[in-house]
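Every number for a ligand or one of its atoms is a count from 1 in the order of the listing. Quantities reported herein were computed from a predicted structural model and do not represent experimental measurements.
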Amino acid sequence: MGWEELRKKQPRVVKTLTNSLKKNRLAHAYVFEGGNGTGKMETALMLARAFLCREKNGVSPCGECSDCRRIDSGNHPDVHIVSPEGQSIKIDQIRGLQKEFSYHGMESEKKVYIVEHADKMTVQAANSLLKFLEEPTSPTIACILTEQVHRLLDTILSRSQVLSFSPLPPDLLVEALTEEGISLPLAKITAALTNDKSKAHEICREEWFAQARDKVIQLTEGLRNRPNHVLVTLQENWLSLFKEKNQLDIFLSLLLIWYKDLLFIQLSEPDKLIFIDQEDRLKEQALQNSQKRLSEKMLAILTAKQRLGANVNPQALMEQLVLRLREG
Ligand SMILES: [Zn+2]
């Protein structure tokens with residue numbers, strides 16, 4: 001993994017860091033904030049290599065010297081990673097870090113420390129880290145990683161350069177999910193719902209999520225083939241499936257994605273489909289809807305989503321939506 005690879009995920013962050021490396025003006029402390037899976041730890045390790053490698057070419061570490069290799073294998077004496085033990089990062093862990101740093105490095109004075117899930121620091125640990133940031137000893141870089149930047153002390157933020165990691169673009173999230181064994185059709189749909197990798201995992205694991213996907217197909221097929229029965233099926237079979245408002249919201253999002261897919265078929269842009277394993281069915285349904293009608297139906301779904309947020313009775317809301325989708 002090099003800067004180029006990271007640049008695909010986080011162009012702004014990589015630009016900032018490589019510029020500072022070029023000018024030899026790295027900050028003493030960075031806060032890397034952003035969602036799960038956005039590359040915060042990879043970037044911190046990359047920065048550590050670029051900082052410590054003695055064979056580097058411009059801003060790029062060589063990847064082969066003993067510094068680079070020991071960072072890769074997680075046992076460089078001057079790179080320390082602190083992670084939560086159980087629920088929190090405790091003061092003893094930060095003290096241990098300070099103790100390590102009071103010794104001179106084995107081969108250089110330079111040191112890097114990375115605090116992962118820094119929002120999990122106890123108040124005492126955070127204050128202890130703050131003191132550490134205020135008194136940089138040898139040339140040191142601190143990388144403070146968090147998914148919840150609002151939980152960090154203002155005083156820590158004000159002593160650090162805060163770099164925000166953008167959510168992953170959907171295609172990169174799909175790639176990451178499939179690499180972890182999630183099927184491509186499921187990864188596509190999930191990445192259309194969220195750009196946070198841990199949320200995507202959570203959704204994929206839910207049993208009702210697979211059912212929700214099936215219900216979208218059933219509902220749209222029902223509207224096409226047996227429009228007069230759709231309401232009965234809805235009342236008998238579906239409403240019990242979406243007990244939580246959040247589940248109904250996701251169902252509505254999936255339905256919206258389905259109609260968008262129909263629009264993509266009509267616009268002859270099949271490579272943009274999200275329900276990639278349903279192309280044949282989508283093509284059949286697309287024949288029966290004009291673009292104008294599809295837009296109207298999408299608007300009806302969006303309105304239903306908004307009203308769901310405003311405490312409307314879910315059953316009444318769904319019945320009304322189905323009636324509007326059935327028109328025309
Ligand atoms: Zn190297």
Side-chain angles (χ1 to χ4, degrees), residues 1-34 36-84 89 93-94 96-118 129 132-133 135-147 159-166 168 172 175-176 179-180 197:
M1 167 88 55
W3 289 120
E4 284 315 308
E5 195 71 21
L6 283 173
R7 200 187 299 274
K8 286 187 215 156
K9 276 189 190 176
Q10 298 299 339
R12 272 181 306 130
V13 168
V14 168
K15 191 173 174 198
T16 306
L17 290 175
T18 50
N19 277 344
S20 304
L21 273 164
K22 269 181 216 154
K23 294 181 190 152
N24 224 344
R25 285 171 67 177
L26 287 173
H28 284 299
Y30 289 97
V31 169
F32 291 172
E33 70 93 7
N36 173 275
T38 51
K40 297 186 295 299
M41 181 56 92
E42 288 155 284
T43 305
L45 291 172
M46 186 63 203
L47 184 61
R49 281 194 294 267
F51 185 56
L52 294 172
C53 172
R54 274 168 288 187
E55 306 285 332
K56 70 175 173 230
N57 176 10
V59 297
S60 296
C62 71
E64 282 163 15
C65 70
S66 68
D67 285 307
C68 284
R69 275 186 293 139
R70 281 184 297 176
I71 293 171
D72 287 343
S73 57
N75 58 12
H76 194 291
D78 296 323
V79 177
H80 296 272
I81 300 179
V82 176
S83 312
I89 295 176
Q93 293 178 262
I94 302 295
L97 195 65
Q98 282 159 323
K99 206 169 153 198
E100 287 285 344
F101 276 68
S102 63
Y103 301 127
H104 284 300
M106 301 286 281
E107 285 137 48
S108 79
E109 298 278 292
K110 294 177 171 179
K111 289 167 190 288
V112 175
Y113 61 96
I114 301 170
V115 182
E116 204 182 6
H117 299 295
L129 178 70
F132 200 28
L133 293 179
E135 305 157 2
T137 47
S138 49
T140 297
I141 300 180
C143 294
I144 298 163
L145 278 43
T146 181
E147 291 172 24
R159 279 166 184 76
S160 313
Q161 183 172 354
V162 179
L163 296 181
S164 294
F165 282 57
S166 336
L168 282 190
L172 288 184
E175 204 180 296
E179 271 167 19
E180 289 166 20
K197 203 169 94 181

Look up atom CG in Asp67 and atom CZ in Arg49, then write down how far apart they are to the nearest 0.5 Å.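 Answer for the CG-CZ pair, Asp67 versus Arg49, is 11.5 Å.
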Looking just at side-chain N and O atoms, do Ser164 and Glu33 make a donor-acceptor pair shorter than 3.5 Å?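 Result is yes, a qualifying pair exists.
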With a 4.5 Å cut-off on side-chain heavy atoms, are Tyr30 and Thr43 touching?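 The answer is no, as the side chains (C-beta and beyond) never meet within the 4.5 Å cut-off.
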Could you work out, with salt bridge (charged side-chain N to carboxylate O under 4.0 Å, His left out) as the rule, every residue matching [X], not counting sequence neighbours?
| X | value |
| --- | --- |
| Lys8 | Glu5 |
| Glu180 | Lys197 |
| Lys9 | Glu42 |

Under 2.8 Å from the Zn ion (ligand 1) - protein N/O/S, by chain and number: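 As for protein N, O or S atoms lying under 2.8 Å from the Zn ion (ligand 1), they are Cys53 SG, Cys62 SG, Cys65 SG, Cys68 SG.
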